[in-house]
Amino acid sequence: MTGILRAVIFDVDGTLVDSVDLHAHAWVEAIRHFGYHADFDEVRSQIGKGGDQIIPVFVPQKDLKRVQDDMDHFRHDLFARKYMPKVKGFRRVRGLFQHLHADGLRIALASSAKGDELEHYKRVAEIEDLVDVETSSDDADRSKPYPDIFQAALDKLHVGADEAVVVGDSPWDAKAASRAGLPVLGVLCGGFSEQDLRKAGCVEIYRDPEDLQRRFASSLIGRHSPKTLGQPGRPPTRGERRMGA
């Protein structure tokens, strides 16, 4: 990347909120409920994809049409009832978002989550007033590792792939971002290894959002932000004014 960044696009599960294990448990229960085998570690390795990409890994092709929609609905209801209340935001997510806004950057969320899940995640991460654009599973025909969700975010932001960067926790984020022509920074807080993230295309690795904020100046984002390159910043949001950022 050689130009000025205009936006940062974040994955949510495992990147901003601690939810990967919870999603894996819900998927294991759902898959077994419909009579198929599901090993927790194998299911966990698939988290980051949407249901349209996870279910075919565990359900034979001949059964997909019959069970896919019912399994996805079952998993969603189970997660909302049993697991979603346990989701917590990672440390300093709000502070990182305020920092990005102060440097003149817009923020988008690009998640395979359902709309109600995404609303809950914004609340627990304390970023409801700091998100400029969001996309969910409703905005993409295919979930990660296909690039649809990131392309939808670019379209809503009205920026090109050369003006944005992705932050994500899974190889599926990295593969989807790369297919959309976007550079991607990886975070380890979702539980995927640095080796797997780099192999999938991550150009920088951070422990979590707090670590990215701490090392912001030397990051790809910090080096190419409008503030660093002497460009006008974006107006502060109500949340930034309230917090004195």
Side-chain angles (χ1 to χ4, degrees), residues 8-31 40-55 57 72 75-94 96-97 107-128 130-131 133-140 142-150 152-153 166-177 184-193 196-197 200 202 205-210 212:
V8 182
I9 304 171
F10 285 89
D11 170 61
V12 181
D13 284 296
T15 301
L16 305 178
V17 299
D18 190 2
S19 59
V20 174
D21 282 355
L22 298 172
H23 275 295
H25 282 299
W27 272 114
V28 167
E29 286 193 45
I31 294 165
F40 177 83
D41 289 339
E42 187 178 3
V43 172
R44 195 190 192 286
S45 73
Q46 301 295 318
I47 302 302
K49 300 177 178 180
D52 63 311
Q53 302 300 313
I54 291 177
I55 293 172
V57 176
D72 198 32
R75 193 285 318 171
H76 176 260
D77 292 344
L78 174 66
F79 184 79
R81 181 181 73 256
K82 184 176 179 180
Y83 293 105
M84 193 160 63
K86 301 177 182 179
V87 175
K88 306 294 182 185
F90 289 122
R91 285 173 50 86
R92 296 298 300 163
V93 172
R94 183 176 180 84
L96 173 61
F97 276 34
I107 295 171
L109 304 183
S111 173
S112 299
K114 308 291 187 184
D116 58 339
E117 294 172 3
L118 193 56
E119 289 302 311
H120 181 73
Y121 296 160
K122 289 191 297 180
R123 288 194 296 273
V124 299
E126 300 180 344
I127 55 172
E128 293 173 281
L130 298 176
V131 176
V133 163
E134 62 187 61
T135 58
S136 69
S137 59
D138 295 334
D139 297 294
R142 301 169 299 178
S143 66
K144 305 165 190 173
Y146 291 96
D148 303 31
I149 197 75
F150 290 127
V166 167
V167 179
D169 74 296
S170 77
W172 316 117
D173 297 321
K175 290 178 179 180
V184 57
L185 279 56
V187 289
L188 299 172
C189 45
F192 293 91
S193 72
D196 286 345
L197 293 177
C202 290
I205 303 291
Y206 298 89
R207 186 180 66 249
D208 51 23
E210 183 178 23
L212 176 55

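- Partners of H25 according to the ring-ring contact (aromatic ring centres under 6.0 Å, His included) rule, which considers only residues two or more places apart in sequence or in another chain, are F40.
- Judged as a salt bridge (charged side-chain N to carboxylate O under 4.0 Å, His left out), and not counting sequence neighbours, the contacts of R91 are E210.
- The backbone N or O of I149 sits nowhere less than 3.5 Å from a side-chain atom of D139 that would complete a donor-acceptor pair.
- Under the rule for a salt bridge (charged side-chain N to carboxylate O under 4.0 Å, His left out), the partners of K114 that lie at least two apart in sequence or sit in another chain are D72.
- Taking D21 as the reference, R44 meet the salt bridge (charged side-chain N to carboxylate O under 4.0 Å, His left out) condition, with sequence neighbours excluded.
- Residues meeting the side-chain hydrogen bond (donor to acceptor under 3.5 Å, both in side chains) test with S19, sequence neighbours left out: D13.
- A search for side-chain contact (heavy atoms from CB on, under 4.5 Å) contacts involving L188 returns E194, L197, I205, not counting sequence neighbours.
- Just one residue in the list I9, T135, L16 forms a side-chain contact (heavy atoms from CB on, under 4.5 Å) with L109, and that residue is L16.
- Legend: residues meeting side-chain contact (heavy atoms from CB on, under 4.5 Å) with V133, ordered by chain and number and at least two apart, are R106, A108, K156, L157.
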Please evaluate residues I54 and W27 with respect to the criterion side chain to side chain contact (heavy atoms under 4.5 Å, CB included), reporting the C-alpha separation (whole Å), side-chain torsions for both, the decisive distance (0.1 Å), and the verdict. CA-CA 9 Å; I54 291 177; W27 272 114; 3.6 Å; yes
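- In this structure the side chain of P209 reaches within 4.5 angstrom of the side chain of C189, judged on heavy atoms.
- Take S45 and apply the side-chain contact (heavy atoms from CB on, under 4.5 Å) test, not counting sequence neighbours, and it matches no residue.
- Residues S170 and F192 come closest through the heavy atom pair CB-CE1, 3.6 Å.
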Using atom types as modelled, flag every donor-acceptor pair under 3.5 Å from a side chain in residues 81-89 to any protein atom, sequence neighbours excluded.
{"unit_1": "K82", "atom_1": "NZ", "unit_2": "E29", "atom_2": "OE2", "d": "2.8"}
{"unit_1": "Y83", "atom_1": "OH", "unit_2": "E29", "atom_2": "OE2", "d": "2.4"}

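- Ring geometry for Y121 versus F79: interplanar angle over 60°, hence perpendicular rather than tilted (30 to 60°).
- Ionic pairing of R123 and E117 is not present here: no N-O contact between side-chain nitrogen and carboxylate oxygen is shorter than 4.0 angstrom.
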Can you list the steps and then say if F97 with V131 is a side chain to side chain contact (heavy atoms under 4.5 Å, CB included)? CA-CA 8 Å; F97 276 34; V131 176; 4.2 Å; yes
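- Every residue two or more places apart in sequence or in another chain was checked for a ring-ring contact (aromatic ring centres under 6.0 Å, His included) with Y206, and none qualifies.
- Under the salt bridge (charged side-chain N to carboxylate O under 4.0 Å, His left out) criterion, E126 pairs with no residue at all, not counting sequence neighbours.
- Residues satisfying the side-chain contact (heavy atoms from CB on, under 4.5 Å) test with A176, not counting sequence neighbours, are K144, F150.
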Dump the intermediate steps for side chain to side chain contact (heavy atoms under 4.5 Å, CB included) on L212 and L185, then the final yes or no. CA-CA 9 Å; L212 176 55; L185 279 56; 4.2 Å; yes
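- Here T15 contributes atom OG1 and D208 contributes atom CG; the two are 11.0 Å apart, rounded to the nearest 0.5 Å.
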